[in-house]
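One structure below.
Throughout, a chain's letter reflects where its sequence line sits, starting with A, and its residues are numbered from 1.
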Amino acid sequence: MSKFDVINSYAPRIDCPDKATGKAIFTDDLSKPGMLYGAMLQSPHAHAKILSIDTSKAKALEGVKAVITSKETGSVKYGVSPARYDETMFATDKVRYVGDEIAAVAATSLEIALNAVALIQVEYEVLPAVLTVEDAMKEGAPQLHEAFTNNLCAEVHQEFGNVEEGFKQCDIIKTTTMKNKRQDGAFIEMQACIAEYDRRGTLTLTTSTQVPHYVQRTVAMVLGMDVGKVRVIKPYVGAGFGIKAAANHQELACCFLARMLKKPVKMNYTREQVFMYGRARHQFSHTITTGAKKDGTLVALKHECYLDGGAYTSFGIATVYYTGSLLAGPYKLPNMSYDGYRVYNNKPACGAQRGHGAVIARAVFEQQMDMIAEEIGMDPLELRIKNMMNTGDTTCNDLNMSSFGMSECIEAVRDGSGWDKKKGNMPKGKGIGMACGFFVSGAGFPIYRSDTFHGTVIVKLTEDGGTALVYTASAEIGQGSDTAFAMIVGEALGIPLENVRLASGDTDMGVDLGAYSSRQTLMTGHAAKEAGEHAKQQVLEVLAEQLDTPLEDMDIKNGCIEFKNQTPDFSALRTRYIKEHRGWTDNPESEKLTFKEASRIAFLEKGSIVGTGKYRPHWLGGKFKGAAVGTSPAYGCSAQVAEVTVDMETGQITIDNIVDAHDCGKAINRNSVEGQMQGSISMGIGETMHEEVIFNDKGQVLNSDLAEYKIVTAMDMPPVKAIVVESDEPNGPYGAKEVGEGAIMPTIPAILNAVYDATGVRMNELPLTPERVYTAIQAYKERSNA
Amino acid sequence: MLLPKFEFYEPTSIQEAIDLKKKYRGKAKLMAGGTDLLVHLKKKLVTADHLISLAKIKELSQVQQAGDTLKIGTCVTMSQLSKSAVIQEKFGAIKTASDNLGTHLIRNRATLGGNVCNASPAGEALPSLIVYQAQVRLQGPEGKRKIPVESFFKGPGKTDIHEGEILVGFQLPLPEKNYGAHYLQLGKRKSSEINVVNVAAFVEINPADQTVKTARIALGSVAATPIRSFHAEDVLTNKAPGEAVFYEAGEAARHKDCQPIDDFRGTAAYRRAMIGVLTKRTLETACKLAMAQ
């Protein structure tokens, strides 16, 4: 039995009734009186100089209210990381990818706006384009940004311990290379926004975003407004996966047009524009060398990686650091070096996506663990347990594992999958594989340097006493954060979930850095807990006075007041409450004094009861350059076992089942935890098996729709056994930490290890299309026959 | 992307549709389910000032058995085919193809006539129609005609339909005894796929000596149109079915009959190899079904 009354249960999500009945409001459902429609002109060329822009014909079209280019908007540089502000709302001198924004139109209908876009005349001088990392790094290659020579957006060089010395002690050294393909988040809701500007100078942007706070700041900066004059509202969002974790051009253009015209303006990306905008997982090319002793002890790891960055930085600096830093665990590894290069080229920018930066590095490393195990004749699962860090350990790059249920996860998937019986005994064409992984539970620092709280929460008790209202600027994007925070407040306050009402996703409600880096449950959760406790404290203070009972002898549980000792006579309070409620039908008759009565009395004594909560991490991590990326108050960890069947004649892989155990510290809502585990596996399978953004030699996306960009269908999804492991994270609210991203880390290597088990073939390139697997099997057969 | 503006018509008789088509000639397009056409219009790959929907012509949405032939109206949807008793019982390779096209939502709208008129080399139902010797029924201002579906395709998106003609349906001979047919396709994922290759096979067994009396094999996605694999058929004819023969037929299809190209869905070499495997496998199942009768 759980010692909790609200959290740690399977709670129906508070957004479910509206979403299940189609009543939930998303941005595109909204329209405003007098609203105009915006559309953007985007570059048809991968690389070109803009010689001139003529908007006169577009402006002359009836129904067109404005046409803007960089001439009107100026060229304030922005981006994700202040260290690399390399974007402007519209291109000024040149365009750097097919889709680079050049102009925007506002008109009385979308049709007119699109027609006007077609009337904008741009004279280009087409420049040679570079579309791959290799071409971009060649001597004499066309350059994208003057400030960054050799198309090098960012490079990282780190060494912890002494890798060369480490390798000298090793009996086994494995070097492998691997690359994945550029991904698309493939969220169902395409980016959309509506901007309004009132006569008092307040700009309100309603938008499909993961990060109202960062969008607010970026809009204010680019439009030259006070942050306080910009309000960002996030209605329900149909997922983001990292792609919506920064302001986009459309939001900026929409705001500019609304302010200029003093009319609401709505803009939407089409699915094709979602692909053109990009910002999803990079293509990574890894070379990793891992050294171990013959007893299996890991000693050293040398890692080199090239990231196909696209035309702008986006999250790229964080990405290139994450790629290196998150290999330092979950195994004890004293020596590690990393050389990372993020390279510009004339394709859409890549950014952050679930498992930011670390997923493919993990896929390489976890295969090498299996190679080492095979060579020394050890069960790969045992090799992992042998090298596993312990709770409280710190990695060579200063990541502290304050809670660490990794070994429990391994044991859970060992039992759950029947590993001991199956490993080594699979019939021909079938295989079993496992892998581990971990991920941050919230970035330790905000994206901009600041002492800001990462999250604030307000709990206001309604004056009738019945309900707790929760206000948070955090971002529910489909992951279930609203329900989690309502549950946490219910738990903290001692009232059932049904008596908590929550509003979120509005910058007017406070500061919250938003839904990225798997931060909200831990960080906003802390603030929610504190706010709930603060409100409770105030109610109990009034009671203590009224009942002449020491505060510490009282508590609120399940909506009633609990007294440690004898229950004092509260009939005077009840009479007063009932008097207040003359004519009402729900007079309390319970033996216990209810929260409703107590909070009403508190209001009568003190006025509105408002509890506030806040959170910012304690100071985290090392002092070396880049130490801020990868540090986190906590790390979630997971282990997975995958079973596959490979059709040796066609190369088709069927994933038969996956057993997943994830240590989320403490499950706030078990439904959401298991949902995140399922969702992570689905995304991991897609990336392993068939997802890949394909470009032609002109830099155009060839598969910019969900027919040709192949995400997992229900038919591809195997049965998943999701096992929740709880390690009670000391830095988490009620012991909770992340599940949203850590759960994707083992999926790719578990499948790859299973495919190797089935076929004897190591795949070094994703996705595992039937053709790629078939070709590898054929090559393996030829090698074996030679 | 928005749909361009067009005038929309919903005639209730074939003659009315023919008249409309005649009136607007090249500026009009016929629409059955619209699952390809509307996307093409949106992407501006085709243009049409007038769109003539065939959906309200009741007789075009029927599956009818008449004596030893089966008539399928042009507007019969994939879902309808999947659920049709006669299709399930006598035309298994069409059933499998219609189960496999697109997604549930698409199958509820996409029609057999549309799939044929779209004439994609990878078209889901086309190999099956070919091996069942379906005839295309056309009707136009000049009257009616019937041609084998096999000779109807002229290239990607190109057919033998004449200006002003409407494909009103299909006529298929009901297979007699001792036959079996099967359809297989290969894509990157397990549903909602656009085929890398697809193969249908029809086999009739001579009950006297259990040899193959007739074999028809059709290959998709490996030429400008779906094609017959005559060399593979020759391998089988008059032979006793078995693993070696199926393999040999697959190799004949792979090396002698298909002319695939490289594109972003797959290379020619892989397509060839898969034609070999899928031909072998469809024949295995088709022969097994034939001999079980």
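Here the closest heavy-atom approach between residue A:I694 and residue B:F264 is recorded as CD1-CD1, 3.8 Å. A pairwise comparison of heavy atoms in B:G187 and A:P770 identifies O-CG, 3.6 Å as the closest pair. The two residues B:K190 and A:D716 make their nearest non-hydrogen contact at N-OD1, 2.7 Å.
Ion pairing between A:E771 and B:K188 fails under the 4.0 Å rule for side-chain N and carboxylate O.
A:L706 touches chain B through its backbone: at least one of N, CA, C or O sits under 4.5 Å from a heavy atom, while the side chain does not. Only the side chain of B:R281 comes within contact range of chain A, judged by heavy atoms closer than 4.5 Å.
Between chain A and the residues B:T267, B:V277, B:T103, the largest count of heavy-atom pairs under 4.5 Å involves B:T267. Comparing A:H690, A:R271, A:M715, A:K710 by how many heavy-atom pairs each has under 4.5 Å with chain B, the most go to A:K710.
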When you look at A:D705 and B:K43, which way does the side-chain contact (heavy atoms from CB on, under 4.5 Å) test go after all the steps?
CA-CA 12 Å; A:D705 58 56; B:K43 289 188 171 171; 3.6 Å; yes
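A distance of 5.0 Å separates CG in A:L114 from CG in B:L2, rounded to the nearest 0.5 Å. B:R265 contributes atom CZ, which lies 14.0 Å from atom OG1 of A:T769 (distance to the nearest 0.5 angstrom).
Defined by atom type and a distance below 3.5 Å, a donor-acceptor pair is missing between the side-chain atoms of B:S192 and A:T713.
More than 12 heavy atoms of other shown residues, nucleotides or ligands fall within 6.0 angstrom of atom NZ in B:K44.
Using a distance-only test at 3.5 Å, with no hydrogens or angles considered, no donor-acceptor pair links the side chain of B:R189 to the main chain of A:V712.
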